[in-house]
Each structure stands twice: as structure tokens, then as C-alpha cells.
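Here the structure comes first, spelled out in C-alpha cells, and everything after it is commentary.
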Amino acid sequence: MIKLFRYLKLKEWLYFLISLVFIVAQVFLDLKLPDYMSRITMLVETSGSAMGDIWSAGGMMLLCSLGSLASSITVCFLAARIAASYSKRLRAEMFNKVESFSLEEINAFSTASLITRSTNDVTQVQMLIVISLQVVIKAPTMAVWAVMKIAGKAWQWSLATAITVALLIIILSIAIVLTFPKFRRVQWLQDALNQSARENLTGIRVVRAYNAEDYQEKKFRKANTELLENQLFANRTMTLLSPFMSLSMNCLSMSIYWIGAVLINSIAVESAASVAARVGIFADMIVFMSYAMQVIMSFLMIVMVAIVLPRALEAAKRILEVLKTEPKVVSGRLTDAGGVSGEVEFKNVSFTYPGGSGEVLSDISFKANKGETVAFIGSTGSGKTTLVNLIPRFYDASAGEVLVDGVNVRDYDLDTLYGKISYVSQKAVMFSGTIAENVAFGANAEPEKLDRAIEISRSADFVSELGEGTDAYVARGGTNFSGGQKQRLSIARALCRDAEILIFDDTFSALDFKTDRQLRDALKSETEGKTKLIVAQRIGTIMSADRIIVLDEGRIAGMGTHKELLKSCEVYRQIALSQLSEEELAI
Ligand code: ADP
């Protein structure tokens, strides 16, 4: 938690100092009240007192109360301000950090957990700041000050107060020890709940189609019930504290009155002096009572902190975990490759997923020259996606070198590297906004460039049908477009950038054969000079590539043109024969 303080800004520290002044003022005014109360009691009980004195003491009481109220409001206001702006910064820091993460860190934390950490966890810390600013400083100051004020009065009262305080400390400690682990778990259970809800919502169509609502509900219920039980236990224990507090407060008042009565009774009414002594004890009793209540109230306030503290501490730890994690993919410094452009080379590259057991890619070496089309084919799980993911550094190779324009990708400044590559993923990703925003994403495209990209990607026909053209609305995740349309738009997005290397990761499989063919022809003529790396399932898609690399269980099983491979590579032949007849293949 303390480590998170370094994200506080000077302005917030300043607000903090101002609130300290107001907190001390409030405590001072609150503790001044009993003094005036005692004065009024003395005046009322003493015959012949002037009414004016009572009025002025009462007036002072009123002023003290108003002053205390004003201070309290100011502290609340400042606490809310500090907490809100601080948590805003914390959320922004988290967002930036997560943006810098490679897939390895994102997978390690899990998306659900990262969302809870940047929202719910930050809220917990925010709540702790608000409450603790009002309580953590005020309560102990109040308690110590009040104890000092009552120290000189009858020892019996002090003893009664001490016993009550000791009892409260014991009860509070037991409650904290019991609930601390439960409250800490709540944040983790929240992750599980989020995960379950996300999974269900993203897969809602599959869930419906397979009538799997009950199954999904069971999974959700499990996470939900566990969270409920944890929270119930922790909250019930904490709720029990409240009646205990009231009970001890009432017992203490009773004892103070009782002890007071005994003390007053022990003085026989014999003279004016003894009457005065009795009145003195009565006034003391009233004052003592107020102070003792202040002490107990301080403990009540501490209970409030005790309720939010364990969760907030755990939340702070989880936030720090994210902020302290350094992304494995670190940007290099190089911003210029020195004239070479559009070259991709793998030199003895091997790759194992972080935490994975075996090599997914082994000893991969090939070179794609400027303007060439290199295709990758192989059975599912043979490592095609993994291979192309190494070029934009979604992951770094475990061994060997991945070179772009003759330079190791690790040496590039990440922005420079990303500028060289246009990547279209297997799953078309769309963002809420317009078609133009989606296609020009990451580039400041002129309308002609946008239209050209849409034209080449064969999106023009369905875009023009939309009426608003490129200003047509795209729903979140592109749900108002078909799979093939989304895929074509994501190809348009890649074409809209002036990147020298185009990577298509199984992008064409969502397209029908006709569009696939038209698109490939258009790509060929319109993107001449650009290097294209294509991952594909269909032989038809890659038949005309300059070079085809056949992957089998992470190794290169063959490399060459379609014709060469048909003769030399058995794996390729099998794939080809499974899709086309011998005549079509013209063997
Ligand atoms: P392809 O694109 O050829 O279908 P992939 O490159 O997606 O194959 O996957 C190759 C292998 O790597 C598979 O065995 C798969 O289980 C494994 N794999 C893919 N992604 C991950 C990941 N994030 N963590 C661990 N293993 C993975």
C-alpha cells in the first residue's frame, strides 16, 4: 500500500496537509464541547448564576458544533477529491502498463483479472483513502486527546473506561483475524466471477445453440456462491461488531452514572461546601461521559477502516503486481534499417510458449525477399500462427533470430517495427465506430487511400450498399457484419497503411472461393513490391505463391513452389490431394 503512495501528486499531498489541519481543528472543537457543557451544568446547579453566562456558554457550544461540522465537511470534500483524482491516475497508469504488455504478460494475468484490477481494485483503494483520511488520523488523535482530558478525574471512571476499551480491542482483534483472509480472497473470487461472466457472454451464441445454459449457469453459480459465502462470512462477523460496540457503549455510560451516583452519595449533605462538592462531581460526570463516548466513537470509526482495509490491501497488492511487471518484449532503439525494405528472415528460430512444455517451432530458417509472396501451410497446430506472431514480436523467439530488413526485430524501436508491418489476424477484430475509423485505424488515411483499400479488399460492394458508405456504423466487435465482411474490412485496414510487409494469418478462410480468388488477384496487382506472408488452409489460396513453406509439428517439412513441393514433399502432396483432385493438381 505504501508503495502506491508514490503515485500521489504534489497537489494531493497539499490537500492531504490541509485536511490534516481541519482534522485537528475538528478534534479540538469536538473536545471543547464537554468543557462548555460542564460549565453550563455548574451554572445551572449553582444558585444565583446569571442567565447571560448560560447563554454565552451555550452560544460557544453552538459555535464549536458548527465549526466541527464545517471542518468535517471540508475534510470529506478534500478526501473525496484526493481519492478520485488519485484513482483516475492509477487507472491511467494501469491502462498504459497493460498496453505495453506482450501477450505473455496478458495471458499470465488473464484478461478478466486485468479488468478487475484496473476497475474494482482501484475502487477499493479509493474507498480506503476516503475513509482512512477521515478516520485513521482523526480517531487516534481524538482517543489520545480525550484520554488526556479525563485522566485527572476519579480513577473509578478511568478504570471502567479502560476495561471497556480493552474489551473492544480484544473483540476487534478477533474479528479482524477471522475475517482478514476471507476479505482478501474476495478480490480473487471477483476475478473468477468476471471470467465466468465474460466467457458466457462472448460465447452466448454457442451456449444457446447447444442448450448449454444450465451447464454455464452451474459454472457461474459456483463462482457466485463462493463469492457470496466469503462475503457473507466476512460481513456477518463485521456486523456483529456493531451491536457489541453499542452494548459496550451503553454499559460504559451505565457504569459512569452508577459510579457517579455512588461518589455523590458518599458525600453527606452537611454544608454549602459539600453541596458544591456534589455538584462538582456531577459536572465531572457529565464531562467524563462525553469524553468517554468520544473514545468509544474513535474505536467505532476504526472498525469502519478494519472492514475495508483487508480488501483494499489485497487490491493494492494486485495493482502493484501489474504496475511492477516489466513487459518481456522491450523496445529496442533502432529507427532505421539502412535502406533495406520488405525483407523477412528467420535464422534457426525455435520457440516454446512461456510455461509450455515442448518446442512449438524448431529450427526454422527461411527468407522472404522484397515483393515476394511466401505462404505457410500445414495441419492445425503445426505452428503457422506462432511463426508469424514472432515477426511483430507478439512473442520473442526462444532461440535463433528473426530479422526484418536484415535487423533483428529485438533491436527495433517498437513503433518503427510496427510501422513496417501490417498484420491481419485469424479472427477479424472490429471496434465500435464507423467503417472509416476502423479501416483507417492507426493511419491518417486520405479518402482516396481509404476507398482504394476498400476496393482492393473487395469490400466496396457491401460498403456501398450500406447507404452511408464508409461512415456506416460498426457495432462493438463488428457484430453487425458477417464473418467474411469483417475479414475483408480487416484486410482493407492492413492495406490502408503503407507497410512494406503484409502478414495474413489465415485471413482468407472466412471468404467464399470466388471472393478469395478475386481478392488474391487484386492483391497481386495492387500490392506489388510489398512482401506478403500468408498463412492458409486452402491449397488454392497459396498455389501461386513464390515460395510455400510446409510446416509439420513445428518443423519445416518442405519449401518450394507448388509444383516442386508436389514432387518433393509428401506432407504437401497429402494436403493437396485431400483438397483437389489429381487432374486439378495436374500431376
Ligand atoms: P496453427 O496456426 O498451425 O494452427 P498454432 O501456431 O496456433 O498452430 O499453434 C501451435 C501449437 O502451439 C499448438 O500445439 C498449440 O496448442 C500451441 N499454442 C498456441 N498458442 C498457445 C499459447 N498461447 N500458449 C501455449 N501454447 C499455445
Side-chain angles (χ1 to χ4, degrees), residues 98 100-114 195 198-199 202-203 325 327-329 344 346 348-366 368 373-400 402 409 421-429 483 487 490-491 494 501-511 516 532-543 545 547-559 565 569-576 578-579:
V98 173
S100 74
F101 282 172
S102 72
L103 293 181
E104 180 177 344
E105 288 86 35
I106 293 179
N107 287 345
F109 279 112
S110 92
T111 318
S113 182
L114 283 175
Q195 175 85 34
R198 260 175 66 88
E199 215 172 65
T202 29
T325 301
K328 294 254 164 57
V329 172
V344 178
F346 274 52
N348 308 101
V349 172
S350 297
F351 179 75
T352 311
Y353 274 103
S357 50
E359 273 190 353
V360 176
L361 294 175
S362 313
D363 201 22
I364 305 282
S365 298
F366 71 90
T373 302
V374 176
F376 301 88
I377 197 161
S379 53
T380 21
S382 56
K384 305 181 293 290
T385 300
T386 311
L387 189 150
V388 289
N389 278 351
L390 298 183
I391 305 169
R393 290 190 78 193
F394 292 154
Y395 293 98
D396 272 336
S398 317
V402 178
V409 282
I421 301 167
S422 267
Y423 174 87
V424 189
S425 62
Q426 210 160 7
K427 192 168 167 266
V429 182
Q487 202 54 280
S490 58
I491 294 170
I501 300 161
L502 297 169
I503 302 177
F504 300 102
D505 181 6
D506 210 358
T507 317
F508 304 101
S509 51
L511 307 177
D516 182 3
K532 292 170 278 290
L533 303 180
I534 302 175
V535 170
Q537 304 278 356
R538 298 186 200 144
I539 290 282
T541 313
I542 56 163
M543 244 157 74
R547 197 161 331 131
I548 301 170
I549 294 173
V550 187
L551 285 180
D552 188 31
E553 294 183 4
R555 293 182 174 277
I556 295 187
M559 192 178 339
L565 285 171
C569 181
E570 187 50 32
V571 182
Y572 187 76
R573 235 174 90 84
Q574 290 303 328
I575 300 173
S578 68
Q579 295 181 13

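For this chain, numbers begin at 1 and follow the sequence in order. One-based numbering, in listed order, for ligands and for the atoms of each.
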Taking atom CG of Asp363 and atom CZ of Arg555, what is their separation to the nearest 0.5 Å?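 It is 7.0 Å, given to the nearest 0.5 Å.
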Hydrogens and angles aside, do Tyr353 and Thr386 bring a side-chain donor and acceptor to less than 3.5 Å of each other?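 Yes - a donor-acceptor pair under 3.5 Å links their side chains.
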Exactly which residues line ligand 1, taking a heavy atom under 4.0 Å from it as the test?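 Close residues (ligand 1, cut-off 4.0 Å): Asn107, Tyr353, Val360, Ser379, Thr380, Gly381, Ser382, Gly383, Lys384, Thr385, Thr386, Tyr395.
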Partners of Lys328 by salt bridge (Lys or Arg N to Asp or Glu O under 4.0 Å), sequence neighbours excluded?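 Lys328 satisfies salt bridge (Lys or Arg N to Asp or Glu O under 4.0 Å) with Glu104 only.
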Looking at Lys384 and Asp506, is any side-chain nitrogen of the basic one under 4.0 Å from a carboxylate oxygen of the acidic one?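 Looking at Asp506 and Lys384, the cut-off is not met.
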Aromatic contact between Tyr423 and Phe504, with the criterion being ring centroids under 6.0 Å apart: yes or no?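 Ring-ring flag for Tyr423/Phe504: false, centres at least 6.0 Å apart.
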Applying the side-chain contact (heavy atoms from CB on, under 4.5 Å) criterion to Phe101, which one of Val329, Asn107, Thr325 satisfies it?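 Looking at Val329, Asn107, Thr325, the match for Phe101 under the side-chain contact (heavy atoms from CB on, under 4.5 Å) is Thr325.
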